[in-house]
Undergrad: 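Starting off with a structure, shown below.
Chain identifiers are assigned alphabetically (A, B, ...) following the order of the sequence lines, protein sequences preceding nucleic acid strands; residue numbering begins at 1 within each chain.
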Amino acid sequence: MLATSKLRCQLFVPNLPKSIKRPATNHCAAGSPSFIGKSKACSARVSAGEAPITFPRGGGKDGDDEGDFPFGLRREALPKHVAVIMDGNGRWAASRGLPTASGHVAGYKALKLMVELSCRWGIRVLTVFAFSSENWLRPKPEVDFLMTLFENVLKEDLRDLLREDIRICIIGDSSKLPKTLQKMSTEVEEISHRNSRLDLVVALSYSGRTDIVQACQKIAQKVKNGILHPEDITETCVAQELETSSAVGYPYPDLLIRTSGELRLSNFLLWELAYTELYFSQSHWPDFGEDEYVEALRAFQKRQRRFGLRTAL
Amino acid sequence: MANLLTPLLQFLLSGLDLALLYLRRCLFQILASAPLPHHVSFILDGNRRYARKYDLPPGDAHQTGFRNLVRILRYCAELGLPCVSIFAFSIDNFRRTPHEIATLMSLFREKLLALRDDIALLNDAGIRIHFIGDISLLDQDIRDLVLHLAEETKGNDRLDLLLCIAYSTRYEMVRGARGACEEVTVADVEREMYLTGYPEPDLLVRTSGEWRMSNFVQWQSGGCMLHSPGCLWPELSLRHLVSAVVRFQRGRDYLRDARSKIWFYDRCYFKRA
């Protein structure tokens, strides 16, 4: 494509995210303490993609952060499992006249902020749609850049994620990923598998339908081996074979957030989303900061979840 | 004088009906200048909230919803949509109270009987009814009515109406898994699904402002546009339907690309495996 050579020039970004070298001393501007209230007068609005991100040291444990809990949210009514479709990096970059790669880097910063906030507020599982199976059809330079970004992220920020007691699971068709990334993701999963504060499930090269069909393949194998009869196949059997069953305790999302205003699921978690509350935000993903996250959680708290039953009158 | 008023009033009302029909046709012709969705799905949510809002007796809640369903189906047929699916009753709804299930079943029975008695209406409108779901979970007489109606309307080809009763996406996928135990590809899993053979939904409309799939057409909705107007199901009207179709038309190209990528990947992945 003619556009590809242009894109190759645009994709060169000299500074990939640097590792965190010193303890954090202040929160980023987008994450200012919410007891100040919703007014943004204290600082100019900075999108999550542009603000420096740090993990607070020692401030994330229970009992220390009561003052940081956002106004209007009830801790007991927060979702246990939040899923996110991180859409809009390219459009965010285009609106600022930046190359697409900058959009993806800014998107990564927004993800780090979301992980930090989820840890702080006691959300147990965070599933993010980082790269779908359909994204392989994007221009090769962009795909290569994204694979490099994923590798650098796993290499450089791993220590911080481990220190924060975050368990990382990578779901999706790993056979299409570069060998180095496959090896790194296996190592990261092994190293972090004992962590328990937050399960961060990253969907890389993932397709909802493929996940369901691979579960059916495993079940078919069990039937062939005589372990299972076809009439004993139930929803639980299928659910156990899905890749998302690795999220211990809360395999189904309570809340799905999709950014940049698009109203569709795009082949993400098709089995798991039966009774998930869907929330669509107009902001692009790099702009999705603490305010937008609080808004999504507030909207979740107002929802009436009935699971096919009736609420009592 | 009173004897003249009634026929005069009837004449005026029928004139008004004709005028509204003509205006609707003009509006639908304008809408049809851009591609229309092939398959629109509706989740009928909000009947009881509507009854509470307008202080109607609880027994009237679903009747009101049914009347609006007939109206919306008429608009869909006039607009020329080829396929409409309705999420009437989920398998998960069997966990409701026996009283409410009995009320719903008797409503289905009453309406199916009325349709059977007036089958000419469906045939004139060119509507073919398909029942989607595990009808073995329904009472015998309702099952017989369902099969009879499907048989009587099978020659119609203007609008395919998929009535999802005793349906849930996960149950459908489990059926697919059971049926695909020999050779498992996407096509094998889909073979035993209820909605195989019908086009995938282009547009899913859920009323009452709720944003949930509720175990409906999840497998098929990877590239489907979701729309949730704030009105309750009995309040869904022509303007909401037009607004939904216009939104679909604005996002259509992107949806078509998204869907073709999902199909392309399915074919590539399973050929390779």
Undergrad: Report the C-alpha distance between L265(A) and L226(B) in whole Å, list the side-chain angles of each, state the deciding distance to 0.1 Å, and finish with yes or no for side-chain contact (heavy atoms from CB on, under 4.5 Å).
TA: CA-CA 8 Å; L265(A) 302 179; L226(B) 311 174; 4.1 Å; yes
Undergrad: Taking all heavy atoms of S90(B) and all of Y275(A), pick out the closest pair and write down the distance.
TA: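 Minimum heavy-atom separation between S90(B) and Y275(A): OG-OH, 4.3 Å.
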Undergrad: Between M173(B), R212(B), R247(B), which shows the greatest number of heavy-atom pairs under 4.5 Å with chain A?
TA: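 Counting heavy-atom pairs under 4.5 Å, the top option is R212(B).
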Undergrad: For K222(A), I'd like to know if atom NZ has over 12 heavy atoms of other residues, nucleotides or ligands within 6.0 Å.
TA: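 Incorrect, the count does not exceed 12.
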Undergrad: Nearest 0.5 Å, what's the CZ-CG distance between R178(B) and D232(A)?
TA: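 Result: 8.5 Å between the selected atoms.
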Undergrad: Grab the two heavy atoms, one from S168(B) and one from E235(A), that are nearest each other, plus how far apart they are.
TA: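 So the two residues come closest at OG-OE2, 4.3 Å.
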Undergrad: Where does F268(A) contact chain B at under 4.5 Å (heavy atoms): side chain, backbone, both or neither?
TA: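 Neither part.
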Undergrad: How many angstroms lie between CG in N267(A) and OG in S221(B), if you round to the nearest 0.5 Å?
TA: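 Here the interatomic distance stands at 9.0 Å.
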Undergrad: Select one option (side chain, backbone, both, neither) describing which atoms of S228(B) are under 4.5 Å from chain A's heavy atoms.
TA: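 Interface part for S228(B): neither.
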Undergrad: Please indicate whether H227(B) has more than 12 foreign heavy atoms, meaning atoms of other residues, nucleotides or ligands, lying under 6.0 Å from its NE2.
TA: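 Yes, NE2 of H227(B) has more than 12 neighbouring heavy atoms, counting only those of other groups under 6.0 Å.
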Undergrad: Rounded to the nearest 0.5 Å, how far apart are OG1 of T234(A) and OH of Y171(B)?
TA: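 Answer for the OG1-OH pair, T234(A) versus Y171(B), is 11.5 Å.
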Undergrad: From R305(A) CZ over to E210(B) CD, what is the distance, rounded to the nearest 0.5 angstrom?
TA: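 It comes to 11.0 Å.
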Undergrad: Can you tell me how far apart CD1 (I233(A)) and CZ (R175(B)) are? Round to the nearest 0.5 Å.
TA: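 Answer rounded to 0.5 Å: 12.5 Å.
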Undergrad: When only pairs under 4.5 Å are counted, which of I91(B), T169(B), V174(B) shares the most heavy-atom pairs with chain A?
TA: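 Heavy-atom pair counts peak at V174(B).
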Undergrad: Any chance CZ of R239(B) has more than 12 other-residue heavy atoms, nucleotides or ligands included, within less than 6.0 Å?
TA: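 Not more than 12 within 6.0 Å, no.
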Undergrad: Indicate the atoms forming the closest heavy-atom contact of R170(B) with A274(A), along with that distance.
TA: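 It is NH2-CB, 3.6 Å.
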Undergrad: Would you give the length of the straight line joining atom CG of L263(A) to atom CG of L203(B), rounded to the nearest 0.5 angstrom?
TA: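 Between atom CG of L263(A) and atom CG of L203(B) there are 10.0 Å.
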